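Nothing here was measured: the structure is a model prediction, and the numbers come from that model.
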Amino acid sequence: MTRSATLAVLVGTPLLAPVLIPAVPGALGSWLARYWPITAGQTAYAVIHRPGAVAPAAGPVVLAAATALIGVAGRLAFRRRDL
């Protein structure tokens with residue numbers, strides 16, 4: 001990963017996004033802070049529920065939907081490029 005800048009950006013961005021999202025102004029920042037897949041998934045096991053966060057039951061649903069969307073996009077890209 002250290003030799004590929006593209007791979008470093010693709011792996012690092014989703015992991016650093018919960019830290020960087022509060023810097024995004026306006027409604028987009030608040031929407032991203034609430035529905036970012038990593039942050040939404042963490043609400044399922046949070047001991048203290050934050051106000052404005054996704055409900056604990058909806059967090060894993062958001063995470064699963066994002067995972068499915070990424071899987072479908074990857075499958076389509078694979079079929080388009082490699083067949």
Below 3.5 Å, can you tabulate the donor-acceptor pairs from side chains in residues 25-35 to any protein atom, sequence neighbours excluded?
from	atom 1	to	atom 2	distance (Å)
S30	OG	A27	O	3.0
R34	NE	G52	O	3.4

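- Annotation: the span from I21 atom CD1 to T39 atom OG1 amounts to 5.5 Å, rounded to 0.5 Å.
- When every heavy atom of G59 is checked against every heavy atom of V54, the shortest pair comes out as N-CG1, 3.7 Å.
- V11 and V19 fall into different hydrophobic clusters, where Ile, Leu, Val, Met, Phe, Trp and Tyr side chains are chained together by heavy-atom contacts under 4.5 Å.
- Tracing side-chain contacts under 4.5 Å through hydrophobic residues (I, L, V, M, F, W, Y), one never reaches L63 starting from I70; they form parts of separate clusters.
- Taking both residues in full, the closest heavy atoms of A57 and V61 are given as O-CG2, 3.7 Å, listed atom of the first, atom of the second, then distance.
- In this structure, L16 shares a hydrophobic cluster with L20, the cluster being traced through Ile, Leu, Val, Met, Phe, Trp and Tyr side chains under 4.5 angstrom apart.
- Here the closest non-hydrogen pair linking V9 and T13 is O-OG1, 2.7 Å.
- Its side chain within the 4.5 Å cluster rule, V72 clusters with L76 among the Ile, Leu, Val, Met, Phe, Trp and Tyr residues.
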